[in-house]
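The structure presented is a predicted model; accordingly, all values stated were derived computationally and were not measured.
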Amino acid sequence: GLTNIEITYSRPQVKGRKIFGSGDGFLVPFGQLWRAGANAGTIVKFSDEVKVGGNDLAAGEYMLLATPGASEWEVVFYTDPSIGGNVGAYDDAKAAVKVKVKPGKLTETVGTLTYNISDISENSENANIQLAWENTVVNVPVQVSYDEAVMKAIAENTVVNPQNLMTAARYYLTADKDLNQALEWANAYLATGENSKQFWNVHIKAQILAKMGNKKEAIKTANESMEAAKAFPSGDFGYIKRNQDLIASLK
């Protein structure tokens, strides 16, 4: 979506050691709080409010801590990154969110601790913060309010940059939102200066009209887009066919 998740961490290597398990023979024993990285530990920064494991978490910077287990891990988003790698200074009152997740087994060894933002959903609202090391993988679910963020960006940016009127119209078209509002934005943009010559944006208007069920106006607008595309000296960028296909679908 529009949310930035930044993970800063040091990357320890396996180097022939046993990493996760029960007892003193393991680098990260089960049941003990771990800094989830090397050196100063791992820092996670969110640009917007998110949900982590279903729990609300404010925008900001957190230290990621974890207590591994054979069947369950507890992952903590900690509000005081200044403790660095000193987990002995942990204060439970400073834990913003605690999430319990089940670890998975990897078929191939990951030799160096690796974090990813994985499994991003098609609607851009869900993903995982993924930790992978040795033969263990842990996924912490993160949810963002993509639609809310887009609506806020539309409200703020269309005033600053009129081009965002078309961005907003396109978003409403693809997200099945208020098509009358989408058409209003598209018309406002295309009526400014020589914007009506931008056949790619005229095509967006045609799509909006088609989705509204206004076939007559949609075909007329698609033809306008197609004629402008044919006359464009740098090429039509595929918009002649796009308009032809749209017109054919409406007959």
Side-chain angles (χ1 to χ4, degrees), residues 1-6 46-52 54 56 59 116-128 141-251:
L2 300 178
T3 299
N4 292 322
I5 303 176
E6 181 180 333
F46 301 98
S47 63
D48 303 294
E49 180 181 342
V50 300
K51 286 185 180 291
V52 179
D56 291 332
N116 292 305
I117 305 299
S118 66
D119 306 311
I120 299 173
S121 64
E122 288 187 9
N123 66 4
S124 300
E125 292 189 351
N126 296 279
N128 288 319
V142 178
Q143 183 179 13
V144 300
S145 182
Y146 178 54
D147 187 73
E148 183 179 319
V150 170
M151 297 304 295
K152 181 180 178 182
I154 287 171
E156 292 175 350
N157 294 328
T158 51
V159 177
V160 178
N161 180 3
Q163 173 63 43
N164 284 297
L165 287 166
M166 286 308 304
T167 303
R170 188 181 298 107
Y171 173 67
Y172 266 41
L173 171 66
T174 56
D176 292 322
K177 299 181 83 65
D178 186 345
L179 293 174
N180 288 306
Q181 178 65 78
L183 183 61
E184 183 180 326
W185 280 326
N187 283 333
Y189 177 77
L190 293 171
T192 303
E194 296 189 346
N195 290 349
S196 60
K197 294 181 180 179
Q198 297 175 3
F199 54 85
W200 53 93
N201 284 326
V202 177
H203 180 73
I204 294 297
K205 177 182 173 180
Q207 287 183 299
I208 294 169
L209 288 165
K211 202 167 190 178
M212 293 174 73
N214 191 341
K215 292 185 179 183
K216 182 179 178 180
E217 284 299 313
I219 291 171
K220 177 184 174 182
T221 305
N223 276 314
E224 291 172 359
S225 172
M226 185 162 54
E227 291 307 310
K230 288 177 180 178
F232 196 64
S234 298
D236 71 291
F237 309 118
Y239 275 87
I240 292 175
K241 186 175 188 311
R242 291 190 191 190
N243 283 295
Q244 290 172 337
D245 290 346
L246 179 60
I247 292 167
S249 72
L250 295 171
K251 290 184 176 180

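Ring geometry for F199 versus F237: interplanar angle under 30°, hence parallel rather than tilted (30 to 60°).
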Practice item. Under the side-chain contact (heavy atoms from CB on, under 4.5 Å) rule, what do N243 and N223 come out as? Steps first, then yes or no, please. Key: CA-CA 7 Å; N243 283 295; N223 276 314; over 6 Å; no
Exercise for review: Take N201 and Q198 through the test side-chain hydrogen bond (donor to acceptor under 3.5 Å, both in side chains) and record every step on the way to the result.
Suggested key: CA-CA 6 Å; N201 284 326; Q198 297 175 3; 2.8 Å; yes
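Annotation: side chain of Q181 is in contact with side chain of Y172 (closest heavy-atom distance under 4.5 Å). Side-chain contact check for Q163 versus Y189: some heavy-atom pair is nearer than 4.5 Å. Looking at V144 and D48, their side chains never come closer than 4.5 Å, going by heavy atoms from C-beta outward. Contact of the I5 side chain with the V142 side chain is registered, since non-hydrogen atoms from C-beta on lie closer than 4.5 Å. The side-chain heavy atoms of I240 and K230, taken from C-beta on, include a pair separated by under 4.5 Å. Inter-residue side-chain proximity for H203 and L246 is flagged as met; some heavy-atom pair is nearer than 4.5 Å.
In this structure D119 satisfies the side chain to side chain contact (heavy atoms under 4.5 Å, CB included) test together with N128, N139, sequence neighbours excluded. For N4, the side chain to side chain contact (heavy atoms under 4.5 Å, CB included) partners at least two apart in sequence or on another chain are S47.
With values rounded to the nearest 0.5 angstrom, W185 atom CH2 is found 13.0 Å from R170 atom CZ. Interatomic distance, CG of L179 versus CD of E184, reported as 13.0 Å (0.5 Å rounding). Between atom NZ of residue K51 and atom CG of residue D56 there is a gap of 3.5 Å, rounded to the nearest 0.5 Å. Residue I219 holds its CD1 atom at 8.0 Å from OG of S249, rounded to the nearest 0.5 Å. Atom CG of residue L190 and atom CD1 of residue I204 lie 10.0 Å apart, to the nearest 0.5 angstrom. Within the model, atoms CD1 of I117 and CD of E6 stand 10.5 Å from one another, a figure rounded to the nearest 0.5 Å.
Proximity of a side-chain donor or acceptor of D178 to a complementary backbone N or O of N180 within less than 3.5 Å is detected. A donor-acceptor distance shorter than 3.5 angstrom exists from the side chain of T192 to the backbone of A188, with no hydrogens or angles considered.
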Table please: side-chain donor-acceptor pairs of residues 206-216 below 3.5 Å, with sequence neighbours left out.
residue, atom, partner, partner atom, Å
K211, NZ, L173, O, 2.7
K211, NZ, D176, OD1, 2.4
N214, OD1, E217, N, 3.3

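Of all the heavy atoms in V202 and S196, the pair that sits closest is CG2-O, 3.4 Å.
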